[in-house]
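Below you'll find the structure, written out as structure tokens, and then a few comments.
Hydrogens, waters and symmetry mates are skipped; everything else that's a heavy atom, side chains included, is used. Every chain is numbered from 1, with letters handed out A, B, ... down the list of sequences.
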Amino acid sequence: MLPFKVAILDYAANHEGENLTVESIMDGMKNTAYASESQFHFKRVQEYCDAFTQCGFFKKVNAELRDDGNLHMTYQITDYAIGRANRFIPGRQK
Amino acid sequence: MNGNPTNVTLTSQEVYNKRKIKIAVYGMLLALLASISNQFGAVNSTVCITKIFIDSGIMTEQTVPIVMIYSMICVGIVDLGASIYTMIYCGISRRNPIKEVPRTAKLKVSWFMCLATLLAGPLATSFALASYNMCGLTVGCSILALTPLFVSIMSKLVFKENLSPRVYLGICILVMGTIVASYAPFENMPNFYAGVVLAVLSALFFALEGIASTYAADMIDEYIGCGLFRLFGSFIMCMIVGYIVGVATGNQEFFKIFFTGVWKYTPWLIVLGGLFEFLGIVPIYAAFVKCGPARCQAVMYTSPIWSIFVGLGGAALISTYYSYTYTLNSILGAIIAVVGIVVITCKPSELLNLRDVEE
């Protein structure tokens, strides 16, 4: 099994070109073994998505400020991240 | 790959920008915490080394192998303590270290962090210590002060980190501050040029540490990776290197006496030193990801400022085992370092796009 952060990157790489949100990532991974782990929560996934945005792995597609004051982000994985994922995530094309 | 057209209202864009800047500023604050904590760690290690020498009655010259052996033991033990703190932190912050550590260890990219450990722990540290003996403190420290400059060049090449000419200027001012702070009268050194080579290698290895660990931390959780590779890995490597140096130079008896002495006379080294190391290393790894390696290293090199306050405090509290005197140069160096850090950080909007990749 991959570390959780890498599993999120792998999930995003498998959905190349698609719009992703923290909720959609969590929803897409809800049937995996990670879902039963204590680290599988909104804040952690948000933290990893923020980190991926900072390092250029995710690009912002949309940022929507909701009524509750929270910023709802929509991301897409970048080619830069796909290259790194293909190189280092086992089972992906080299 | 063509992304969808962006559809962002001005308010949302502002909030988004604010969030990105906030993360980068938080990264630089973490680097600042690390820089200060490292000074406390240095005082603590100096006190421990002095106490072990006095209490165990070791009468030996401070030759290069002896300095390397006790430095490796000290670095190794504080890194062991720090790795324990890191894993406790990972447990408390629900990072699931029991499952994540083996998963991370199996991934090839994680081993870049192991490479970072090898470069920064045993190699760069011991080269730096040896260079101080061979080419003098001023030349050694001045060359080592070039580390943030090396990092910024490497980071530009590897990560396409966005650095404006002003940031480069700020880094150069910081480098000058460190050189001024570490200035001491030149001495006649027989192995001067060999010392210069070791100091250059040391600065390059410290710079490569930042690059290799950021490369890994882009993908893996930086806290798990740092605790496993940078800290626990460093403990193993330092002990091996220290012992090899001991055996190779006929000082294995000193290795044993000093190693036993740590647990006998200064058992707080692992507890307190480990805590300072935990606060001095883990935030750096978190900061590499949040604000980029160049800015992180630049903030780290504000150490001339903090060393004065921590040094004076340490000397006032534990005068038996620690002494500190500041000079006009150290004050001047600290002031120059403040100017450098202001030049680097004065334009927060630059923190929006840390890397020159598609946005």
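- When heavy atoms are compared at a cutoff of 4.5 Å, Ser93(B) approaches chain A by way of both its backbone and its side chain.
- For the pair Arg84(A) and Tyr215(B), the distance from NZ or CZ to the six-membered ring centre is under 6.0 Å and the angle to the ring normal is within 45 degrees.
- In this structure, CD on Gln39(A) lies 4.0 Å from CD on Glu100(B), to the nearest 0.5 angstrom.
- Electrostatic pairing of Glu47(A) and Lys290(B) does not count as a salt bridge here, judged by no charged N lying under 4.0 Å from a carboxylate O.
- Neither the backbone nor the side chain of Phe40(A) comes within contact range of chain B, judged by heavy atoms closer than 4.5 Å.
- Other residues, nucleotides and ligands contribute at most 12 non-hydrogen atoms within 6.0 Å of the CZ atom of Phe232(B).
- Proximity to chain A is limited to the backbone of Ala217(B), based on heavy atoms less than 4.5 angstrom apart.
- Counting heavy atoms from C-beta outward, Met1(A) and Lys99(B) have side chains that stay 4.5 Å or more apart.
- Pairing each heavy atom of Asp221(B) with each of Lys5(A), the nearest pair is N-CD, 3.7 Å.
- Annotation for Leu157(B): atom CG counts as buried by contact number, over 12 foreign heavy atoms lying within 6.0 Å.
- Between the CE atom in Met219(B) and the CD1 atom in Ile89(A) there is a gap of 4.0 Å [rounded to 0.5 Å].
- In this structure, Thr53(A) OG1 and Lys20(B) NZ are separated by 6.5 Å, a value rounded to the nearest 0.5 Å.
- Summarising the geometry of Gln54(A) relative to Val289(B), their closest heavy-atom pair is CB-O, 3.8 Å, with the distance given to 0.1 Å.
- Each of Arg44(A), Arg66(A), Lys43(A) has some count of heavy-atom pairs under 4.5 Å with chain B, and the biggest count is that of Arg44(A).
- Residue His41(A) touches chain B through its side chain alone, counting heavy-atom pairs closer than 4.5 Å.
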Pair Thr104(B)-Phe4(A), side-chain contact (heavy atoms from CB on, under 4.5 Å): steps then yes or no: CA-CA 9 Å; Thr104(B) 306; Phe4(A) 185 42; over 6 Å; no
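- Highest contact tally toward chain B, considering only Leu71(A), Ile8(A), Leu9(A), Val6(A), is held by Leu71(A) [criterion: heavy-atom pairs under 4.5 Å].
- Only the side chain of Leu107(B) has a heavy atom closer than 4.5 Å to any heavy atom of chain A.
- In this structure, Phe88(A) has its ring center under 6.0 Å from that of Phe112(B).
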